[in-house]
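Every chain is numbered from 1 and lettered A, B, ... according to where its sequence line falls, protein lines coming before strand lines.
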Amino acid sequence: TDFNVFAAASLSDALGEAAQVYEGATGDRAVLVFAGSSALARQIQAGAPADLFISASTDWMETLAGEDLIDGATRVDLLGNSLVLVAHGAAAPVEGTPDIAALLGEGRLAMALVDAVPAGVYGKAALGFLGQWAAVEPQVAQADNVRAALALVATGEAPYGIVYATDAAAEEGASVVYTFPAESHAPILYPAAVTAAAAEAPTAAAFLDWLQSDEAQAIFARHGFTTP
Amino acid sequence: MDWLGPAEWQAIILSLKVAFWATLVSLPFGIAVAHLLARRAFPGKALVNGLVHLPLILPPVVTGYLLLITFGVRGPVGGLLQPLGIVFAFRWTGAALAAAVMGFPLMVRAIRLSFEAVDPKLEEAASTLGASRVWVFLTVTLPLILPGVLAGAVLAFAKALGEFGATITFVSNIPGQTQTLASAIYTFLQVPGGEGPALRLVAVSVVLAMGALLASELLARRVQKRVGGA
Amino acid sequence: MDWLGPAEWQAIILSLKVAFWATLVSLPFGIAVAHLLARRAFPGKALVNGLVHLPLILPPVVTGYLLLITFGVRGPVGGLLQPLGIVFAFRWTGAALAAAVMGFPLMVRAIRLSFEAVDPKLEEAASTLGASRVWVFLTVTLPLILPGVLAGAVLAFAKALGEFGATITFVSNIPGQTQTLASAIYTFLQVPGGEGPALRLVAVSVVLAMGALLASELLARRVQKRVGGA
Amino acid sequence: MSVSVRVSHRQGDFLLDAAFEAPPGITVLFGRSGSGKTTLVNAVAGLLRPQAGRIAVGDQVLFDSAAGVFLPTHRRRLGYVFQEGRLFPHLSVRQNLLYGRWFAPKGARREDLGRVAEMLGIGPLLERRPGDLSGGEKQRVAIGRALLASPGLILADEPLAALDEARKAEILPYFERLRAEVPILYVSHSAAEVARLATTVVVLEKGRVVRQGPAAEVLADPAVTPVGARAAGAILEAVVVRHHADGLSELQAGGHPLFLPQVGQAPGSRLRVRIAAHDVILSRGRPDGLSALNILPGVVHEVRGGEGPGAIVSVDTGAGRLLARVTRRSAEALGLGPGVACHAVIKSVAVAPEDVGGR
Amino acid sequence: MSVSVRVSHRQGDFLLDAAFEAPPGITVLFGRSGSGKTTLVNAVAGLLRPQAGRIAVGDQVLFDSAAGVFLPTHRRRLGYVFQEGRLFPHLSVRQNLLYGRWFAPKGARREDLGRVAEMLGIGPLLERRPGDLSGGEKQRVAIGRALLASPGLILADEPLAALDEARKAEILPYFERLRAEVPILYVSHSAAEVARLATTVVVLEKGRVVRQGPAAEVLADPAVTPVGARAAGAILEAVVVRHHADGLSELQAGGHPLFLPQVGQAPGSRLRVRIAAHDVILSRGRPDGLSALNILPGVVHEVRGGEGPGAIVSVDTGAGRLLARVTRRSAEALGLGPGVACHAVIKSVAVAPEDVGGR
Ligand SMILES: Nc1ncnc2c1ncn2[C@@H]1O[C@H](COP(=O)(O)OP(=O)(O)OP(=O)(O)O)[C@@H](O)[C@H]1O
Ligand SMILES: Nc1ncnc2c1ncn2[C@@H]1O[C@H](COP(=O)(O)OP(=O)(O)OP(=O)(O)O)[C@@H](O)[C@H]1O
Ligand code: MOO
Ligand SMILES: [Mg+2]
Ligand SMILES: [Mg+2]
């Protein structure tokens, strides 16, 4: 049987691969619907036919939980990620904590929207933790998502950027120069839950269970995700 | 065309279907509204004009959001239509609705300009020959505005192919149902290394739109030649 | 207007600036390209026509990306312009460029339709009276296409206010420099509960665009009255 | 059917305030450029809703401001030949011609495309677009389009202005024939056209009717005819007797023979022949050895001074009353006055083909 | 300046293949509807680039396909009165009138807005838009616009067709005056206009020139005149002697008195007087007691059969050569033939105001 998985767009590669493996094993097909977490959450609010929701943002999951739109019992933090500083081109990792403002010079620091998109929110928190936010803030160029921020670095428009490790791994035009310590920002989590509408249907829950299996987590790990 | 997977083919076909129906169904409304704006004076005309332009002014995401809360199954209009079997939410029909709404201002403007260019004296001449308003419209006005109708249609069609923000916000990105070319391109661009496949789909988009464009130009040229220099 | 914070005021002013300049600067190009497409036959015309429509066909993100790799400081064109002091990357000028590019097909179509509606016999008449091509254009053609130019300008302006995808991708979202109304609205909509502030900005957008719309309608009506029924 | 028009309408600085009653036939609107002819015709067509007035054709009221009646244009069953063509650019000549026919009641279809096209000389143009036609060709198609609508009322605004004399001569008989079937409102600047076609003449000046009445009467009055005395002329009723081998036709008017250049009608046909006043010479004695073939004895009825040095002398002859335009000096020299016997000399060739029409 | 035109151009089914040479003055293009007059004028204007040919005005070559010369329209210094107005709808009447003046070389500005507007009777319309004008008003503005461009070559395509006779009579003298200053190419269907204005007549038929030459010569030939024999006429050179109190003007032509309705010119002025062939009656003896004032003795020069029953008799009188259109029957009855003495009778009133022009 088919069921709909509403998932954050940044998961599309990894989740696509996992779903294919799952379908091969069980015959159940996960129809993967990727968009921004906010759009997906709003659609679920509006009655979208979602069976499973995998968010890139804890906030939106909270919101849906608050409206009883998800089956709270199924909610798990499915994946984790880490935050990195990337530089344009091939660059060597810096020693210790970098002085980002100094690295930038006149250049820009590419980030996702620092007040709206999770990667940007985490990045702003991390810079604050390092005591550098005030210094770099005027030079931050905010993109509407992580991929766009990364593109700014890859094209060299911005010499540095803050993105997820998963995105940085696959980008040839940029290299990771620093990984922000986990304690510098709230844990980067991808919460998942079966929707309230699908609570009675077992297929989505079974898929969610399987996603937490070692087999599935191995696939995610290959794409750079961590197990929370 | 090995380089396109089945999901991509699906997206292409869906996009064509969405763009086609969005254009076709909105055309009569586009003509009617353009006529209203070009030829009639009525209270609230500025309002209608503004409303028509709204999808252009608003960020597409906002338009999509407004569509979602209006035409969603829980929305006031969506709720009304559902018992009649008309559902937009998360269906390809919804994608078509979003595309139609987004393309509407473009369509209306093009047609309206053509209306304004029609010499009312020709319409008068038709009426002296016994043609009622409706006939005058069908036999004189409509043929004369055809270049504008074509231009409006091709703009709407192209827009429908490119529309992404409102569509993904309104009907999401469900493969085979609401995943259009533009949404598919977006999805590819969200993951590392997705530029390649995205580029392939961009190429397809461009080819489709160019085809529509060329066809409309050829048609328009034929029409223009017929009308030209009287 | 207490309900708008300084950042929001900044976004409003920036949006107006971006939309104004995008419209103004692209207008001559729009007229030139529309003229080319309406009046000339040349090899590669279909290509030019396609290119003009491209921003309509492509998802805005793709357009933004293409702008980035072309007009960015490392891009082929951006690199050339930088020594001349012309920089688009992360500047409001880049936002204006993005808005101009996105609005260009709309502008060109409107103006082109008007060109096609001008009776070449009037231009011939002007030339028999001694007006060179340029003078014919300035004294006859241009006044006659004014309604289309206005329509094109207002479409481009409205589009510039609503443009978001290409802009944020190209010049990102730097408060005070590239954060337009549309980006600000988008930002609000990304977080739960952001609908309220987003709506306020939407209202501002709508008011601004309606103002532009009304102004253009009034102007167009005056022009139309002057030209009407000759 | 008679036409009754009373219209009051202000348009910019111009006030149209005209009323006339016309019996069946062709009513010619005559007047200088800008005198309101087209405006009046547009009111009859319903393209203009006058501020006040009443317009009726026969007993059908098209417009009555008092009663709030305004029949929409498309229900007035018109055939309007506009001053400026107004052909449909997107239709072929054939489609233009047949346009009105779609809307004409089936029973009313009077005209045949082929015949009309031939009469107008536009047969070879049928598949062309109006954009490719010459000025006169456009005008002819416009005439054909109006005629083929099988209208109940024809409005023709200078329909022949752009045409050459030969073409005019081919089209005029058509209007003459129609005269008996359909009321026609006809705007013209041409004295010959007016004289030949008009049943009634309505003279407009600055939006007002300054003279109206039967054609013969209005045209005989040199004081009001806006084109001046050149338009004055008499109309004789004649019957074709025979056609001679040398190209002359012999007619009979009131028992008197009349020789004219070959007329198209068969022997026995009844004709209207216009004899322009300036083509008639008067002689006290019977003149001799003159190149003019038609010499009619008669008695002076009246001598009226016209504008300038001329006078109009009406002479009762056996063929009917003739008008002669002579100089006042001649009138005095010849002692012309009521009751004086004289001869009217008409040159055969002075009667132009466009001055001879069926009735 | 003389005009030399040779043009070959195919347009749809229509082939224009015409050549003519015209001395200074007004060259009238005459021909039936669709014969190619407008096409020819457009070629001279440069609105049409003929497939082959050569066009020159004076020694300026406007077009030469062999030499690859094609002077663009705006550098030809034209004043083109189009068959269909073509006023600029977005400009006021005043702005329309002054349009060409912007581009005219300062030194060449010949005409004055006020004078031209008055002559055309459009003074009160100056602030109006073309859309609000009547058909004839539009046409007059179009004439004014062309004249005010102070052109080096005037092209006029039926400029007076939409106007009433009185208005025509006011405008014609203007063209006559211009005749001496600027070469004019003039399309007309009106015999009176042609006769009065033309220096040279070029007759077109189906795209070919079938006759060209000095006006008097072409108009005297009944076989080729496209409007038929009605256009034939002679042109006499006359001098105004005095104006009489009864409204007649006395002229002298070759020593013979000629009485005409009051002419505008002062005594001593030289005039061209057109005497239409059909307004002349011939008499073997000196006629007596006739209402005609002008009786000129003469000798028959030639008798030419025309189309139909008529013949054109040319008579050499002391006043010049006159043409008379008579029936062949009369010609035979009177025994007219070369060398025969006769009298030509011209009615004073037969000479219409539009047939008398300055020279
Ligand atoms: N664009 C065109 N394409 C093909 N044929 C044309 C075109 N324009 C004119 N013609 C034809 O060329 C011929 C000459 O046209 P033109 O306009 O020169 O005639 P004209 O002598 O000016 O006639 P009129 O007195 O009716 O204005 C006509 O037979 C007309 O049908
Ligand atoms: N739309 C308008 N607004 C104001 N005045 C107008 C308008 N149309 C025509 N007129 C004026 O009304 C008067 C009558 O115009 P109309 O067209 O009836 O004249 P006409 O007798 O047909 O003249 P013509 O013989 O020149 O065609 C003219 O003085 C004209 O300037
Ligand atoms: O040009 Mo006319 O209408 O034949 O006098
Ligand atoms: Mg008129
Ligand atoms: Mg012509």
Using side chain to side chain donor-acceptor pair (under 3.5 Å) as the criterion, list what pairs up with E:Arg76, not counting sequence neighbours. none

With ring centroids as reference points, do E:Phe88 and E:Tyr99 lie under 6.0 angstrom apart? yes

Per-residue contact mode, E:Arg86 against chain C (heavy atom under 4.5 angstrom): both

Just jot down the salt bridge (Lys or Arg N to Asp or Glu O under 4.0 Å) partners of E:Arg54, sequence neighbours excluded, or say none. E:Asp64

Check whether E:Glu84 gets within reach of chain C through its side chain, its backbone, both or neither, counting any heavy atom under 4.5 Å. side chain

Please determine, among C:Ala125, C:Ala131, C:Ser132, the option with the most heavy-atom pairs under 4.5 Å with chain E. C:Ala131

What I want to check is whether the side chains of C:Arg133 and E:His74 have a donor and an acceptor closer together than 3.5 Å. no

Given heavy-atom pairs under 4.5 angstrom as the criterion, report whether the side chain, backbone, both or neither of E:Arg101 touches chain C. neither

